[in-house]
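Indexing begins at 1, ligand by ligand and atom by atom, following the structure's order. Counting begins at 1 with the first residue of the sequence.
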Amino acid sequence: MGKALDGVKILDFTHVQSGPTCTQLLAWFGADVIKVEKAGEGDATRGQLRDIDGVDSLYFTMLNHNKRSITLDTKNPKGKEVLIELIKQCDVLVENFAPGALDRMGFSWERIQQINPRMIMASVKGFGPGPYEDCKVYENVAQCAGGAASTTGFDDGPPLVTGAQIGDSGTGLHLALGIVTALFQREKTGRGQKVLAAMQDAVLNLCRVKLRDQQRLARRGVMEEYPQYPDKEFGDAVPRAGNASGGGQPGWILKCKGWQHDPNAYIYFITQAPVWGAICKVIGEESWITDPSYATPKARLPHLKTIFSRIEEWTKTKTKFEAMEILNKYDIPCGPILSMKEIAEEPALRATGTVVEVDHPTRGKYLTVGNPIKMSDSETEVKRSPLLGEHTEEVLAQLGYGKDQIEELRAAKVI
Ligand code: CAO
């Protein structure tokens, strides 16, 4: 069976995490992704956080599946010639260099358009136009500047970053959508275009509900579903909400049996209005079904702490999985706090290809996260990441370079 992006050629100038997330997704959908790396060095992540000496790190392998790798010194005039050929033959150039790096290399957007007017040039940058546009940016900088850190954590603690890589992988996802949309538009116009996903913007997009809350706070002065209500003062900016649900159905993380020794013996419990009666029956507080202080969602808001601590008395008597089984019978929305160990061992995630075991020539077998987007006519087959420069000769031959020319480039250390 063919793949959705069969025939699409991607010139992959990405490194670290944000850009590689994007091009890995495109590769999983069938695009031919040619990763261009500095000769002798490669993507810096090949050597970062290594668990086996001399072997490509998991950081690299888990972000670069299904790609081909070529080494090329794109600052060398002969290397620039190769790059021009690649630009002519590819549909999309994806990059996440520091601001201005591509221009300094001699490949401005204007130049790229001259070489190939159908080319789509897609970039991740830390910031869009404005005071910080020239800054280099990593994950946590974006989380801080995009509103995630100021709204994450507990009221009495400092701002907190989240383990979910919303700045890097989150921006890569946004960029991938921009690229396929630009490819779709090119079908009609015949022209390429520039696509930009700024990390601050992507994080803010994922924090949209907090900008919603900023405006609710400005109008009303309080937010009744936040843990600050009703005992504490609200300031003029959205406060950190601990584990409160971001939506209209109050929720919290509650201890389960074994919490004293297992840091993940917890459950997320949502007191969804339609199942309030069922919740009261399960925890043995049937009087709350009709008690005017608890009977309606609005009446419950000032009592959320009492309600959750009563529910917790019940969850503490069950393991998180026992609680799930009971609550699911009543359609009460809840979720176990799963450790990475539990996720790695979960058979259902293996069965769907969300967690995949991959074999690598120098590292051996390792686990990775497969394509989270499942398509019935474009199945994903996760293939190991390329070794540095593994496909240099193959790609150059496809560009029309003969054996002698390739040898000359190698001797001059251009590849
Ligand atoms: N041949 C020759 N030179 C190459 C090359 C190649 N194949 N590939 C890259 N280079 C050069 C670049 O042209 C650049 O040279 P100049 O500084 O002379 O212009 C140089 O290598 C370094 O590139 P860089 O500045 O992008 O890399 P860095 O390690 O210093 O910074 C990062 C890394 C991520 C902070 C920066 O790239 C950045 O801000 N990117 C945009 C935001 C982003 O994606 N951040 C998320 C990264 S994931 O956490």
Side-chain angles (χ1 to χ4, degrees), residues 11-24 34-49 57 59-60 62-64 67-87 93-108 111-112 121-130 132-146 148 161-176 178 195-203 386 388-389 391-392 395-396 409-410 412-415:
L11 171 48
D12 182 10
F13 244 146
T14 68
H15 63 158
V16 202
Q17 186 181 162
S18 61
T21 301
C22 165
T23 52
Q24 177 169 262
I34 302 165
K35 184 170 173 108
V36 180
E37 298 180 78
K38 262 193 214 171
E41 287 179 40
D43 187 326
T45 59
R46 284 186 187 269
Q48 282 172 1
L49 311 177
S57 71
Y59 194 10
F60 177 84
M62 291 177 73
L63 286 161
N64 289 285
K67 303 180 186 179
R68 297 198 281 170
S69 161
I70 71 164
T71 49
L72 190 66
D73 180 352
T74 54
K75 287 187 172 166
N76 176 296
K78 290 277 175 212
K80 284 184 207 275
E81 284 173 18
V82 177
L83 188 56
I84 290 169
E85 283 311 307
L86 280 166
I87 294 172
L93 183 157
V94 192
E95 62 94 20
N96 68 312
F97 290 132
L102 212 54
D103 290 343
R104 287 193 289 279
M105 216 183 264
F107 291 91
S108 63
R111 174 98 198 277
I112 288 167
M121 190 183 99
S123 304
V124 169
K125 293 288 165 263
F127 293 91
Y132 303 121
E133 64 187 301
D134 292 328
C135 296
K136 288 189 175 186
V137 169
Y138 284 104
E139 169 71 47
N140 289 343
V141 175
Q143 287 200 25
C144 292
V161 294
T162 153
Q165 304 284 284
I166 56 177
D168 280 339
S169 289
T171 309
L173 276 164
H174 282 81
L175 192 70
V195 181
L196 169 68
M199 295 168 74
Q200 181 186 37
D201 300 12
V203 170
L388 179 60
H391 305 95
T392 305
V395 170
L396 286 176
L409 290 173
R410 197 175 294 290
K413 295 196 166 37
V414 174
I415 56 173

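Nearest heavy-atom pair across Ile166 and Glu139 is N-OE2, 3.3 Å. A pairwise comparison of heavy atoms in Leu409 and Leu396 identifies CD1-CD1, 4.1 Å as the closest pair. Residues Glu95 and Leu102 come closest through the heavy atom pair CG-CD2, 3.9 Å.
Listed by chain and residue number, the protein contacts of ligand 1 are His15, Val16, Gln17, Ser18, Glu37, Lys38, Leu72, Asp73, Thr74, Lys75, Asn96, Phe97, Ala98, Ala101, Arg104, Met105, Val124, Gly126, Lys136, Val137, Tyr138, Glu139, Asp168, Met199 (heavy atom within 4.0 angstrom).
In this view, Arg104 satisfies the salt bridge (Lys or Arg N to Asp or Glu O under 4.0 Å) rule with no residue, not counting sequence neighbours.
Between the side chains of Thr23 and Lys67, at least one donor N or O sits under 3.5 Å from an acceptor N or O. Counted by atom type alone, Gln143 and Thr162 present zero donor-acceptor pairs between their side chains at under 3.5 Å.
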